[in-house]
Amino acid sequence: MPETFEPRIVAFFCNWCTYTAADLAGVSRMRYAPNVRIIRLMCSGRVDPQFILEAFARGADGVLIGGCHPNDCHYIEGNYKCLRRFRLLRRMLDDMGVEEKRCRLEWISASEGDKVKKVINEMVEQVRALGPLDLPGRFRDWDKEVAALEHAAPGASEPCDAHAHAHKEEATHA
Amino acid sequence: MPEKPKIAFYWCASCGGCEESVVDLAEDILMVVENVDIVFWPVAMDFKKKDVEAMPDGSITACFLNGAIRTEEQEEMAHMLRRKAKILIAYGACAHLGGIPALANQFSKEHVMEWAYDKCPTVTNPSRTRPQTSYKDNGRTATLPAFRNVVRALDQVVDVDYYIPGCAPTPALLKGAVVALLSGKLPPKGTTLAPDIALCDECPRKASKPTDVGYPEFKRPHLARIDPNLCMLAQGFVCMGPATRGGCGALCINGNMPCTGCFGPTSRVRDQGAKILSSICSSVAPKDEAGIDAVLEGIPDPVGTFYRYGLAHCLLRRKVSLNDSAEVAAK
Amino acid sequence: MKDKVKEVWNEAGGRAGQQYIGARRRITVDPITRLEGHGKIDIFLDEAGKVERAYFQVPELRGFEVFSIGRPAEDMPQITSRICGVCPMAHHMAGTKALDDLYRVEPTSAAKKVRELAYNAFMLEDHALHVYILGGPDFIVGPDAPAADRNVLGVINKVGLEVGKKVISMRRRIREFISYVSGKVVHPVFGLPGGVSRGIKPEDLPKFKELAKDGVEFALFTMQVFQDIVLKNDAYVKLITSGDYTHQTHYMGLVDEKNHPNFYDGRIRVVTPGGHEQAKFRVQEYTDFIAEHVEPWSYVKFCYLKKVGWHDFTDGPGSGVYAVAPLARLNASEGMATPQAEAAYKQYFNTFGHKPVHHTLANHYARVVEMIYAAERMQELLDDPEITSTHLRVIPTHTPSVGKGVVEAPRGTLIHHYETDDRGIITNANLIVATQNNSARMAMSVEKAAKGLIKDGRADDGLLNMVEMAFRAYDPCHACATHSLPGQMPLALRIYDHDRKLLEEIRR
């Protein structure tokens, strides 16, 4: 491989704990992998599974969720909701072929700047080892099978000749 | 006398249930036939495809197209009918969201072929014959259409004007759409022609819908009695109602079984499966991982349960790790 | 407009015929219309313009057996019903019975009756659909009638609007009843291992009894229509008994202990072309008796009797080819379980003078006999005091692993076979779907009809329709037969010369 693959990881951090910890890491001049784009939410309970799927669909190689430790949620129950959703989403992603290490939930409190560094570094290496997910690229590849038809689309008066298409598939189709 | 609007019905990868829903207009079908000219409907009429091809573009007022798209013929027909029709309506869950056939997006084409022609317990195929798209037999060539790796909803192939949801749509919904068409009073393009609110709103068991619930378990319907009067969720059965558009009359609920989500999401939801997962999981009772996992054992198949009709429209669209054979790379 | 097209087609066909005599030609009938699902017929002509070979192809494959993997078994009755929206109740019921077997649970007596009642209502309306809307128009309007008339509207024109409304109303009422008891008529929901999710309330019983009574009358009326329009028409009778539409194969159907057909339950019985019992087995043993053969020119597999063996697409006691559906069910049985149906059964066999009846087109007649049985059975069950019971569920406790269930779908014997892990999650599924049992015989029928009817390379719309009739008589459900991947081939007619140059194309 000519250049090392640089994973792109989207992180959803809760305002009160994890985001503050990330701030702390920054202020403390901790150095860690730059591959993460952080999105701040008020609570990990705000993380809608749609956000996670959307992140993957738009090209993220990994998604990290950071929230307050159990019992410490600013809104009392939000992080539990996040955990419950995450447990089933994790299984569903597995059934859909997205490897376990690509989606991770961590409890990081406001004072744990070093944990932010550790988790991010670890996750970047794990995702690097898995390789790119590149869903947009995969979607493009899958859609090549219909793109062929777009170019061959006949005008109003020409009959469609499905036979020609069958021949095209013939050589490679079992 | 003004010409009657021309209507066409067509089916792609369909089970025929949507066609039945048209026939289920029963006496109303006579009203429809009086007011429109059905120019194409293969299940019931012997009209030729060439007749349709010969029509000027845009001359069909509305085409109701049901079924998912999986073969090149279906793609061709979708494109042709898009040209010939002023209004193209995705009719039924398969055209709307991919439908149950889209569950095949969790498996590779090779897996399907291998089971059908090699591995299933009744097949005897020692020579490992496989159907061919083009087969030469003594100077004769028999052809079969190739089918794609991916099952698609109609709007993943052509531009769609309206959606009528349901597996199958109810005759009432169809009648409403036909009446709207005839009156010329249609909502903005892209609208789904059904109420834009969750099923819970019209559910006869709404009164017992829980507001503050902590599920201690999820029951699989064959292992427990189903009370015909209480909200399904309140009883601990997974019900797609909260994330599913209403308008069906809560038929499955009246059959005393939970909703499985066939009307798809409301307009405010991007991914129906993710949304119901979110809603149901957040109310699971335990707070610890082990306890949560134990409750979630009651949902052994999240993909089949939450995306039963909508896998093609899932943000991931398909099991991402599937290895299509070399033919895709070769193109 | 349509007449003009037909004119142009015939003229072009004639010209092509003149110019290219001596070249090998191919005719493709595509799409085959007025059936459930999609079909394609490729007919190859030799130098003399006679049919050399006809391939009946079903270009669909949907993958239900594979994408059922990972699904909870209790979801299967609702998932498999999407194999077919015309006969969803058949799959729903076969699946439900497979679940009974999977969980080794015997449903309550009342639940079985409710199931059988809903099932017979479905058989009645589905057969009516075929008689009046799908296959029937061939006879009621006539196979040579213009294409524009060969449909339900043409039928209404022929039998009159009053009768037409009666048919529509009857079907609607029966379907409303099915919705009532099973949740949805298109894709029922009520089947569970050990019972059903809901039943019939006593206050609703009178109107359903009225419905069943009207159903019997309607079935008898349909028989009268059939007698008057078809059996009294010599040309039709000649067509039905013609050699072009006759095959002598084995026959299979579900029967009760008295060898009377029962659509809901029983043993699978097979008779030889001579009418002798060849096998009678429980569905649990089906893999010992039924096997599937693969051809490279069709997605649908061809079922045959394992113990007789596959000996190509041939007739006779030495060939494993067999048929299912009304013709076969009557052949494989020894009388009907209800009185009026029994009388119709006797009259049916008297008409042809021998048993088994080998004329494919007799399926239409046999179908009406079955309508009478289905309606009478509905009456019997509605008169049973247990039908309004609320004792409708037995909760299973057995650890699941394998389950097999069988019903008679309108179009033939239907088998669901599920294998699961110990949580009841599907690991494998095998479905032998009604029409698929007939696929070998259908291929033979199409070829024989094509050979008999198409000579000198001339094939006009009427002749082609008669080839399709050979096929339509089986009331094929191709969505079912090819429960493997969604696909469609609109029926197209193509004529190619020897160099595979496209000369002419007609599509429907």
Side-chain angles (χ1 to χ4, degrees), chain A residues 45 47-58 70-71 77 79-89 91-93 95-99 133 135 138-139 141-150 152-160 162-163 165-174, chain B residues 50 53-54 56-57 72-73 75-76 79-80 83-84 106 110 113 130 132-134 143-146 148-150 152 157 269-271 273-275 277-278 281-284 286-289 292-293 296 299 301-303 306 314-322 324-331:
Chain A
V47 177
D48 186 330
Q50 287 180 112
F51 299 167
I52 299 169
L53 297 183
E54 181 93 40
F56 283 128
R58 292 207 193 199
N71 235 8
E77 292 270 328
N79 54 355
Y80 294 125
K81 295 191 177 166
C82 177
L83 176 62
R84 292 159 185 152
R85 292 172 187 137
F86 178 79
R87 294 307 295 166
L88 193 55
L89 182 68
R91 270 175 49 204
M92 199 190 84
L93 286 171
D95 291 342
M96 290 297 281
V98 177
E99 300 95 323
L133 184 59
L135 282 189
R138 253 174 249 232
F139 295 162
D141 273 341
W142 297 345
D143 288 341
K144 281 191 180 122
E145 62 186 7
V146 296
L149 188 69
E150 278 298 325
S157 51
E158 294 161 29
C160 301
H163 193 68
H165 291 292
H167 272 297
K168 219 190 303 182
E169 294 269 20
E170 174 192 357
T172 48
H173 182 76
Chain B
K50 191 110 186 180
E53 282 174 330
D57 284 2
E72 55 190 343
E73 264 75 20
E75 288 159 14
E76 270 175 43
H79 281 290
M80 179 174 83
R83 285 199 309 279
K84 303 297 177 186
Q106 239 193 325
E110 175 56 25
M113 297 290 252
R130 288 280 185 93
Q132 311 288 320
T133 45
S134 180
T143 58
L144 286 170
R148 306 301 192 201
N149 291 308
V150 182
R152 292 177 170 83
V157 176
V269 168
R270 172 59 190 84
D271 183 309
K275 210 57 188 162
L277 182 155
S278 181
C281 289
S282 53
S283 302
V284 161
K287 292 177 170 177
D288 63 300
E289 211 167 275
I292 291 169
D293 284 352
L296 293 176
I299 306 177
D301 174 28
V303 172
F306 300 144
C314 167
L315 282 160
L316 302 178
R317 287 182 60 190
R318 188 178 178 225
K319 184 165 179 173
V320 302
S321 55
L322 286 175
D324 298 328
S325 37
E327 71 217 57
V328 173
K331 280 207 173 93

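Numbers restart at 1 for each chain; the letters A, B, ... are given by sequence-line order, proteins then strands. All values reported here derive from a predicted model rather than from experimental measurement. Basis for what follows: all heavy atoms, side chains included, without hydrogens, waters or symmetry-related copies.
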Below 4.5 Å from any heavy atom of chain B, which atoms of [X] appear? Answer side chain, backbone, both or neither.
X	answer
A:L93	side chain
A:F86	neither
A:L88	both
A:E77	side chain

Suppose we screen for side chain to side chain donor-acceptor pair (under 3.5 Å). Which residues come up paired with A:R87, at least two apart in sequence or across chains? B:D293
Who passes side chain to side chain donor-acceptor pair (under 3.5 Å) against A:N79, sequence neighbours left out? none
Identify whether the distance between the nearest side-chain nitrogen and carboxylate oxygen of A:D143 and B:R317 falls below 4.0 Å. yes
Below 4.5 Å from any heavy atom of chain A, which atoms of [X] appear? Answer side chain, backbone, both or neither.
X	answer
B:R152	side chain
B:P286	backbone
B:I299	both
B:L316	both

Give the member of B:S282, B:S321, B:G273 that has the highest number of heavy-atom pairs under 4.5 Å with chain A. B:S282
Test your reading of the model: is there a side-chain donor-acceptor pair from A:R91 to the backbone of B:P302, 3.5 Å cut-off? no
Between the side chain of A:E145 and the main-chain N/O of B:V150, is any donor-acceptor distance below 3.5 Å? yes
Applying side chain to side chain contact (heavy atoms under 4.5 Å, CB included) to A:Y80 and B:I292, what does each step give before you reach the verdict? CA-CA 10 Å; A:Y80 294 125; B:I292 291 169; over 6 Å; no
A:K81, A:Q50, A:M92: which one forms the most heavy-atom pairs within less than 4.5 Å of chain B? A:Q50
Nearest heavy-atom contact between A:W142 and B:D324 is CD1-OD2, 4.0 Å
